[in-house]
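What you see is a predicted model; the values in this text were computed from it and never measured. Worth knowing before you read on, the calculation uses all heavy atoms, side chains too, and leaves out hydrogens, waters and symmetry mates.
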Amino acid sequence: MYRYQILIEYVGSNFRGWQVQKKGKTVQGLIQEKISKLLKQKTLLFGSGRTDTGVHAIEQSAHFDCKNKIYDLGKFMKSINHFLNKEGVTILKIKRKNNKFHARFSAKMRIYKYIIVNQVSRPVLDDNRCWHIIKELDLDLMEKGAKKLIGTRDFSTFRASSCRAKSPIKTMKLVKIRSLKNKIEIEFRSKSFLQQQVRSMVGCLKYLGEKKWSLNKFENVIRSKKRILCAPPAPPEGLYLKRIIY
């Protein structure tokens, strides 16, 4: 068997997330179907992790195995993209890997970013690509809050009730806020995340930026480990899987 890694960019708006489901179109399901037809064999695709309904990817990573070697990777990529591009999906790169490589279990770091457009007017170019917030946000306060999220701790406050992770304890390596004019980008780095963790943290940072919460209240909510105290999660359209580091 030959193993190949693919790097994928996609718009999540028209999908019910990454993972194959019984009903609805998914990114994994679409790519599996097209690769299977191209290779003329049933092919299973293994992703680095799930993305929820509406979440985008700048560079998702996945792998698949096939019986025969793909000799012309460039031709294969052009052929598969012919079918995927009209669905808002593209394969950026394909690489031959040894059988020890696994898109999910070999990952050392996952990087997400969340985009907020903070202005009165509705952003038409970034429609379904950001969270539009009208009320002016206090970036200094949000940056102070972001620092409180860094480190190893129990992130139960930010964990969805349907999360299947064995432990709520995660290590946040980085939470960084950048701002250019009215666009705010928040980057998160960790080896792994809980379901809805990033969107939940962004929702709480938004409450902090709007001054609905004080920094002390923000810290108390983190320490509480109670999901019920969490702010509403940020909408999925502002979230992007940026990169997987191996």
Side-chain angles (χ1 to χ4, degrees), residues 9-15 17-18 50-60 88 109-151 153 155 157-160 170 172-190 193-224 226-243:
E9 179 183 300
Y10 56 84
V11 177
S13 309
N14 299 321
F15 294 93
W18 164 266
R50 306 173 186 178
T51 52
D52 293 335
T53 301
V55 175
H56 317 293
I58 296 169
E59 194 180 276
Q60 166 70 290
M109 189 76 65
R110 291 167 170 86
I111 305 172
Y112 281 87
K113 75 171 182 178
Y114 197 94
I115 294 177
I116 295 170
V117 173
N118 192 201
Q119 63 187 36
V120 174
S121 304
R122 179 171 168 262
V124 292
L125 290 178
D126 286 315
D127 190 37
N128 284 323
R129 305 286 193 281
C130 69
W131 188 8
H132 176 216
I133 298 175
I134 294 173
K135 188 174 181 180
E136 187 175 354
L137 299 173
D138 187 326
L139 284 177
D140 289 337
L141 203 52
M142 289 175 71
E143 285 172 356
K144 288 176 182 176
K147 289 177 182 177
K148 304 291 182 184
L149 295 167
I150 297 171
R153 61 168 48 85
F155 282 96
T157 298
F158 309 107
R159 181 181 191 174
K170 299 291 177 184
M172 292 300 305
K173 294 289 187 180
L174 177 79
V175 183
K176 189 171 184 178
I177 299 177
R178 302 181 186 90
S179 177
L180 181 62
K181 294 184 179 179
N182 297 323
K183 187 172 281 189
I184 300 165
E185 183 179 308
I186 312 173
E187 185 173 302
F188 299 86
R189 295 191 178 205
S190 179
F193 292 87
L194 302 168
Q195 186 182 0
Q196 281 193 11
Q197 183 182 346
V198 174
R199 288 169 52 203
S200 297
M201 291 190 292
V202 173
C204 291
L205 287 171
K206 183 241 191 188
Y207 265 26
L208 194 57
E210 289 180 329
K211 297 182 179 177
K212 286 184 179 178
W213 287 356
S214 65
L215 191 59
N216 187 52
K217 170 71 182 282
F218 181 81
E219 288 184 90
N220 288 337
V221 168
I222 297 171
R223 284 197 294 263
S224 75
K226 294 179 180 178
R227 177 69 176 174
I228 196 170
L229 297 181
C230 186
E237 58 264 27
L239 183 59
Y240 297 75
L241 174 55
K242 186 176 179 180
R243 189 182 168 204

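Every residue two or more places apart in sequence or in another chain that forms a side-chain contact (heavy atoms from CB on, under 4.5 Å) with Lys144 is listed here: Leu215. With sequence neighbours excluded, the residues forming a side-chain contact (heavy atoms from CB on, under 4.5 Å) with Lys226 are Ser224, Ile228, Leu229, listed by chain and number. Residues satisfying the side-chain hydrogen bond (donor to acceptor under 3.5 Å, both in side chains) criterion with Asn14, sequence neighbours excluded, are absent altogether. Looking at residues two or more places apart in sequence or on another chain, you find a side-chain contact (heavy atoms from CB on, under 4.5 Å) between Pro123 and Val117, Gln119, Asp126, Cys130, His132. Under the side-chain contact (heavy atoms from CB on, under 4.5 Å) criterion, Ser190 pairs with Met172, Phe193, not counting sequence neighbours. Residues satisfying the salt bridge (charged side-chain N to carboxylate O under 4.0 Å, His left out) criterion with Lys170, sequence neighbours excluded, are absent altogether. The salt bridge (charged side-chain N to carboxylate O under 4.0 Å, His left out) test applied to Glu9 returns no partner, not counting sequence neighbours. Taking the side-chain hydrogen bond (donor to acceptor under 3.5 Å, both in side chains) definition, one finds that Tyr112 meets it with nothing, sequence neighbours left out. In this view, Arg50 and Gln19 satisfy the side-chain hydrogen bond (donor to acceptor under 3.5 Å, both in side chains) rule, not counting sequence neighbours. Not a single side-chain hydrogen bond (donor to acceptor under 3.5 Å, both in side chains) links Arg129 to another residue, sequence neighbours left out.
In this structure, NZ in Lys148 is found 4.0 Å from CD in Glu219, a value given to the nearest 0.5 Å. Distance CD1/Ile177 to CD/Glu185: 11.0 Å, rounded to 0.5 Å. For the atom pair Arg223 CZ and Thr157 OG1, the distance stands at 10.5 Å (nearest 0.5 Å). Rounding to the nearest 0.5 Å places CG of Leu241 at 7.0 Å from OG1 of Thr51. Atoms CD1 and CE, from Ile116 and Met142 in turn, are 4.5 Å apart once rounded to the nearest 0.5 Å. With values rounded to the nearest 0.5 angstrom, Tyr207 atom OH is found 9.5 Å from Cys230 atom SG.
Contact detail for Arg227 and Ser200: the closest heavy-atom pair is NH1-OG, 2.7 Å. Looking at every heavy atom in both residues, Pro233 comes nearest to Gln196 through CG-OE1, 3.6 Å. Pairing each heavy atom of Pro235 with each of Tyr114, the nearest pair is O-OH, 2.6 Å. Closest approach of Phe218 and Cys204 over heavy atoms only: CE1-CB, 3.7 Å.
For the pairing with Glu187, the salt bridge (Lys or Arg N to Asp or Glu O under 4.0 Å) check across Arg178, Lys176, Arg243 returns one residue only, Arg178.
The side-chain heavy atoms of Phe158 and Ile222, taken from C-beta on, include a pair separated by under 4.5 Å. Residues Leu149 and Leu205 form a side-chain contact, since some pair of their non-hydrogen atoms from C-beta on lies under 4.5 Å apart. Within the 4.5 Å cutoff, side-chain heavy atoms of Trp131 are placed close to those of Lys206.
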Validation: residues 52-59 side-chain donor-acceptor distances under 3.5 Å, sequence neighbours left out:
unit_1 : atom_1 : unit_2 : atom_2 : d
His56  : ND1    : Gly12  : N      : 2.9
His56  : NE2    : Asn128 : O      : 2.9
His56  : NE2    : Glu237 : O      : 3.0

Residues 134-141, side-chain donor-acceptor partners within the protein, below 3.5 Å, at least two apart:
unit_1 : atom_1 : unit_2 : atom_2 : d
Lys135 : NZ     : Glu210 : O      : 3.3
Asp138 : OD1    : Asp140 : N      : 3.2
Asp138 : OD1    : Leu141 : N      : 3.0

